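The next block holds one structure in the form of structure tokens; read it before the comments.
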Amino acid sequence: LQFVSMKAMQTAMLGANDDNRALLTMQLLMIQQIALIATPALIMGLMLTTSLRRTFSLRWPGYGQLMWAGLLPFAIHPMTLELQISLQWFFPKPPPGLAETLALMSSNDQPLWLVLLAFAGVPAICEELTFRGFLLSGFRRSGKIGVAIALSSLSFGMIHMIPQQVFNAALLGVVLGTICVRSGSLFLGIGFHFLYNALAILHGRLGGQIPDAGLYGWLFRHEAGVLRYQPALLCMTTLAGMALIHRLTRRSTIHDLEEIHASHQRNALRARNTP
């Protein structure tokens, strides 16, 4: 469905005039996210599970964990950007239609709020509900947490279809899946996902305005019109990212108690059903 919808979207864009093409593209992206990614997961969650709260990890994590999750995208973004740029030689160039869609993220011709909604807000909610909610919960039923995180991350990467984004999304999926499993909360992943995508948008739109001379030269540089990060900044953000991931993946006492309670309920139900 994702593949077919992308083809249909490219056809629709070719038939639109230049003034409406960008707006139509973002509208179709949001419809695609809601209709093809979030809605099937929510329907299956309603029909096939006994607890939406447990299936989709709808537990409020607390303001402390939200704060750490909000800082993590700022630490991870420089490293993932540099990794993606350094591997450009390995990946093929995206087709013209997809390249035009990606260019909307860094275009100043569209309102910032609309770009953030289409490329950060809607994907953060829809994709997290599906991949760290329904799919990860289903894969975890095997009892193999590492395999569950790997499978949900691979699925998350494949849905992006563009090779560069598949690689980057799969790596981020491992981080998001680990945070969700260890914290028991989907809201941390939604917050992280939104801020990470928002940083990518702001990097494209405002990166050219950041100076790279004087003190800033120790942190930033410009190459081929793209803001790049110096090794000193990369080292600092990588260490900060590792510390934040360690902090966020420490299992909370509340989550432990909930897991024990759920396990006792399952055992009691199994005992009642055993002749």
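Predicted model, so just to flag it, every value in this text is computed and none were measured.
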In the hydrophobic cluster built from side-chain contacts under 4.5 Å, what are the other members alongside Leu36? Leu1
Find out if a path of hydrophobic residues (ILVMFWY) with successive side-chain heavy-atom gaps under 4.5 Å connects Leu87 to Met158. no
Counting N and O atoms only, with roles assigned by atom type, does the side chain of Ser185 sit under 3.5 Å from a partner on the main chain of Trp60, one being a donor and the other an acceptor? no
Measure the shortest side-chain to side-chain distance between Leu171 and Val175 over non-hydrogen atoms and say whether it is less than 4.5 angstrom. no
Contact check, side chains of Leu114 and Leu23, non-hydrogen atoms, under 4.5 Å: yes
With a 3.5 Å distance limit and no angle check, can you tell me whether His246 reaches the backbone of Gly241 through a side-chain donor-acceptor pair? no
Provide the closest heavy-atom pair for Gly177 versus Leu136 in the form atom of the first, atom of the second, distance. O-CD2, 3.9 Å
Verify, without hydrogens or angle tests, whether Gln230 (side chain) and Gly217 (backbone) share a donor-acceptor contact under 3.5 angstrom. yes
Does some side-chain heavy atom of Phe119 sit less than 4.5 Å from a side-chain heavy atom of Met26? yes
Can you list every side chain to side chain donor-acceptor pair (under 3.5 Å) pair that touches residues 74-84, not counting sequence neighbours? His77-Tyr229, Thr80-Tyr196, Glu82-Arg228
Listed once per pair and sorted, the side chain to side chain donor-acceptor pair (under 3.5 Å) pairs that draw on residues 148-158, sequence neighbours left out: none
Joint hydrophobic cluster, Val147 plus Leu154, side-chain heavy atoms closer than 4.5 Å: no
Report yes if the side chains of Ile76 and Thr237 come closer than 4.5 Å at any heavy-atom pair, otherwise no. no
Hphob cluster co-occupancy, Leu151 + Ile159, side-chain heavy atoms under 4.5 angstrom: yes
If you draw a 6.0 Å radius around CE in Met67, do more than 12 non-hydrogen atoms from other residues or ligands fall strictly inside? yes
N/O donor-acceptor pair under 3.5 Å between His222 side chain and Ile210 backbone: yes
Other ILVMFWY residues reachable from Leu239 by side-chain steps of under 4.5 Å: none
Restricting to salt bridge (Lys or Arg N to Asp or Glu O under 4.0 Å), what partner residues turn up for Glu127, sequence neighbours left out? none
Can you check whether Leu219 reaches Met236 side chain to side chain, under 4.5 Å on heavy atoms? yes
Going by ring-ring contact (aromatic ring centres under 6.0 Å, His included), name the residues that satisfy it together with Phe131, two or more places apart in sequence or in a different chain. Phe156
